[in-house]
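So that we are looking at the same thing, I have put the structure below in structure tokens.
Note that the coordinates shown come from a computational prediction; the quantities given were computed from them, not determined experimentally. Note that the numbering runs from 1 along the sequence shown for the chain.
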Amino acid sequence: MRNKFSEKLIGVDIGGSHITVAELSEGYFIKEETLKREKVDSLGTAESILNVWIEVLADFIQVVDPKQVKIGIAMPGPFDYAEGISYIKDLNKYDALYGMNIKDLLAERLLVLPSNISFRNDAEAFLHGEMLALGMPTDVKIIGVTIGTGLGSAKSVNGTSSDVFRAILPLNDGIAEDYISTRWFQKRYTELCGKQLKNVEALLLEGDEALKERIFSEFGVNLAAFLNEFSKEEKADVVIVGGNIAKCMGVFKCFMMEHIENKKLLIYQSKLWEYAALVGAGHSFKQSGFLTKKAQEIQLK
């Protein structure tokens, strides 16, 4: 049976080092058998970046009329989400795309209607996807953060999620993203031991337990400071934390919780991870509504 999106609704998550794509069902949950993830050199040329994106997306369009495909894309900022123009610059990713109309380029190469390509801030899409899957009531004030190559932030009020871009707000001696991102771990690791750190996952394998604990404890304090201000300003009841670094939350959560001022604040680790951004991005074609109970059960398996 054809769904209300004709042939296909595609959810896309563009990260600092990857693209993840999956087909979504009418109930807005992932068809896991379609899930594809490819590495992207975000420091490469515009053509090399776009070629990877096009190659992955083309696999989802080959067997249907491209004009009947809708593509929802979760994209980091700064980005003109309505027009599809990238303004990412000096963030150690996608500089080559600065000023380019990504929507028109994708539409032309994939033969998809420009109106059938929708962009949404990645942190906003993440939070909306988590809300949909969990069936959160609309009277709960929720904030979300994604921690990885960069720092994303979003809020939900009355069931509507939106990006709030707090990455550039002051924190310690710089901005929030300086202290809550992969590059902070790398910088701090080098400062303390003089060696290079590939990524946060590698720190988990560090043999020097004292060094590892120091870095994760400092990060927990940094994140708590960020969440204290964010949750206070938004009068939040719930925080959902996602992104690759959040997968290490079990290591730094105790340090973070010691410094959270509002002890009633509920802080959850992501349940859907990058699935959440895919669902939230796809949901940009629908103004409101939540997953059905059946869809929630399938999504959370």
- [ ] Quick one: closest heavy-atom pair of S270 and L272, and the distance?
- [x] OG-N, 3.3 Å

Open item on the list: Could you report the tightest heavy-atom contact between L113 and A107, atom names first, then the distance?
Closed with: C-CB, 4.4 Å

- [ ] Over 60° means perpendicular and under 30° means parallel, so classify the ring planes of Y87 and Y98, tilted if in between.
- [x] perpendicular

- [ ] Would you mind checking if E206 and R214 are paired as a salt bridge, meaning a charged N to carboxylate O distance below 4.0 Å?
- [x] no

- [ ] Would you check if the distance from the ring center of F185 to the ring center of F216 is below 6.0 Å?
- [x] yes

Open item on the list: Keeping D237 on the side-chain end and K141 on the backbone end, is there a donor-acceptor pair under 3.5 Å?
Closed with: yes

TODO: Find out whether I215 and L211 are in side-chain contact, i.e. whether some heavy atom of one side chain is under 4.5 Å from a heavy atom of the other.
DONE: yes

Open item on the list: Looking at E213, I want to see if its CD is surrounded by more than 12 non-hydrogen atoms of other residues, nucleotides or ligands under 6.0 Å.
Closed with: no

TODO: Mark yes or no for whether Q186, through its side chain, and K198, through its backbone, hold a donor-acceptor pair below 3.5 Å.
DONE: yes

Open item on the list: Between E55 and K36 (salt bridge meaning N to carboxylate O under 4.0 Å), is one present in this structure?
Closed with: no

Open item on the list: Are P78 and I88 packed together at the side-chain level, in the sense that at least one heavy-atom pair is separated by less than 4.5 angstrom?
Closed with: yes

Task: Reference residue L9; test side chain to side chain contact (heavy atoms under 4.5 Å, CB included); the match among K70, E23, K31, H283 - done: K70

- [ ] Keeping the roles fixed (side chain from N116, backbone from V69), state whether a donor-acceptor pair exists under 3.5 Å.
- [x] yes

Open item on the list: Are I267 and M257 packed together at the side-chain level, in the sense that at least one heavy-atom pair is separated by less than 4.5 angstrom?
Closed with: yes

Open item on the list: Any non-hydrogen side-chain atom of L106 less than 4.5 Å from a side-chain atom of F119?
Closed with: yes

TODO: Carefully, step by step, assess V145 and R166 under the rule side chain to side chain contact (heavy atoms under 4.5 Å, CB included).
DONE: CA-CA 10 Å; V145 295; R166 297 181 67 91; over 6 Å; no

Open item on the list: Between F219 and L223, does the side chain to side chain contact (heavy atoms under 4.5 Å, CB included) criterion hold? Intermediate values first, please.
Closed with: CA-CA 6 Å; F219 178 77; L223 182 55; 4.3 Å; yes

Task: Aromatic contact, W53 with F60 (centres under 6.0 Å) - done: no

- [ ] Please round to the nearest 0.5 Å and tell me the distance separating atom OG of S86 and atom CD1 of I49.
- [x] 9.0 Å

Task: Hydrophobic cluster membership, I10 vs L105, 4.5 Å side-chain cutoff - done: yes

Task: Side chain proximity check, R109 to I54, heavy atoms < 4.5 angstrom - done: yes

Open item on the list: Apply side-chain hydrogen bond (donor to acceptor under 3.5 Å, both in side chains) to residues Y275 and E32 and explain how you reach the verdict.
Closed with: CA-CA 10 Å; Y275 282 23; E32 291 193 53; 3.2 Å; yes

TODO: Give, for atom SG of C248 and atom CD of E201, the distance between the pair rounded to the nearest 0.5 Å.
DONE: 5.5 Å

- [ ] Identify the heavy atoms of I117 and K103 that sit nearest to each other, and give their distance.
- [x] O-CE, 3.2 Å

Open item on the list: Quick check: closest heavy atoms across S42 and G16, and the distance to 0.1 Å?
Closed with: OG-O, 2.7 Å

Task: E130 and Y268 side chains, donor-acceptor separation under 3.5 Å - done: no

Task: NZ on K235 to CG on N262, rounded to 0.5 Å - done: 12.5 Å

- [ ] State the OG-NZ distance between S17 and K93, to the nearest 0.5 angstrom.
- [x] 9.5 Å

Task: Within 6.0 angstrom of E191 CD, more than 12 heavy atoms from elsewhere - done: yes

Task: Donor-acceptor contact below 3.5 Å, side chain T190 vs main chain K195 - done: yes

Task: Minimum-distance pair of heavy atoms, taken over all atoms of T182 and T149 - done: OG1-N, 3.8 Å

Task: Value rounded to 0.5 Å, distance of CG in N222 from CD1 in I180 - done: 6.0 Å

TODO: Flag the pair L171 / D178 as yes when at least one side-chain heavy-atom distance between them is below 4.5 Å, and no otherwise.
DONE: no

TODO: Find out if a path of hydrophobic residues (ILVMFWY) with successive side-chain heavy-atom gaps under 4.5 Å connects L110 to V52.
DONE: yes

- [ ] State, without any angle test, whether D13 and H18 hold a side-chain donor-acceptor pair at a distance under 3.5 Å.
- [x] yes

Open item on the list: Let me check something: do I143 and I245 share a hydrophobic cluster, defined by ILVMFWY side-chain heavy atoms less than 4.5 Å apart, either directly or through other members?
Closed with: yes

Task: Euclidean distance, I175 CD1 relative to L151 CG, rounded to 0.5 Å - done: 9.0 Å

Task: Heavy atoms from other residues, nucleotides or ligands near NZ of K263 exceed 12 (cutoff 6.0 Å) - done: yes

Open item on the list: My understanding is that only residues two or more places apart in sequence, or in another chain, count here; which of them pass ring pair (Phe, Tyr, Trp, His ring centres under 6.0 Å) with Y81?
Closed with: F79

Task: Test item: D163 side-chain N/O and E124 main-chain N/O as donor-acceptor pair under 3.5 Å - done: no

Open item on the list: When you compare the side chains of S118 and S284, does any donor N or O come within less than 3.5 Å of an acceptor on the partner?
Closed with: yes

Open item on the list: Walk me through whether V239 and L265 qualify under side chain to side chain contact (heavy atoms under 4.5 Å, CB included).
Closed with: CA-CA 7 Å; V239 179; L265 187 65; 3.7 Å; yes

Task: V251 reachable from L227 in the ILVMFWY side-chain graph, under 4.5 Å edges - done: yes

Open item on the list: Less than 3.5 Å apart, any donor N or O on the side chain of R120 or S161 sitting next to an acceptor on the other?
Closed with: yes

- [ ] Side-chain contact test, heavy atoms from C-beta onward, threshold under 4.5 Å: evaluate it for V221 versus M256 and give yes or no.
- [x] no

Open item on the list: Any carboxylate oxygen within less than 4.0 angstrom of a Lys/Arg side-chain nitrogen, looking at R183 and E177?
Closed with: yes

Open item on the list: To check you understand the geometry: which heavy-atom pair defines the closest contact between A46 and M100, and what is its length?
Closed with: CB-SD, 3.7 Å

Open item on the list: Would I61 and I71 count as a side chain to side chain contact (heavy atoms under 4.5 Å, CB included) here? Give the steps.
Closed with: CA-CA 10 Å; I61 298 172; I71 304 173; 4.2 Å; yes

Task: Heavy-atom check, side chain of F252 versus side chain of S217, under 4.5 Å - done: no

TODO: Treating Ile, Leu, Val, Met, Phe, Trp and Tyr as nodes and any side-chain heavy-atom pair under 4.5 angstrom as an edge, say whether V112 and I14 lie in one connected cluster.
DONE: yes

- [ ] Indicate yes or no for a side-chain donor-acceptor contact from N228 to the backbone of A224 under 3.5 Å, with no hydrogens or angles considered.
- [x] yes

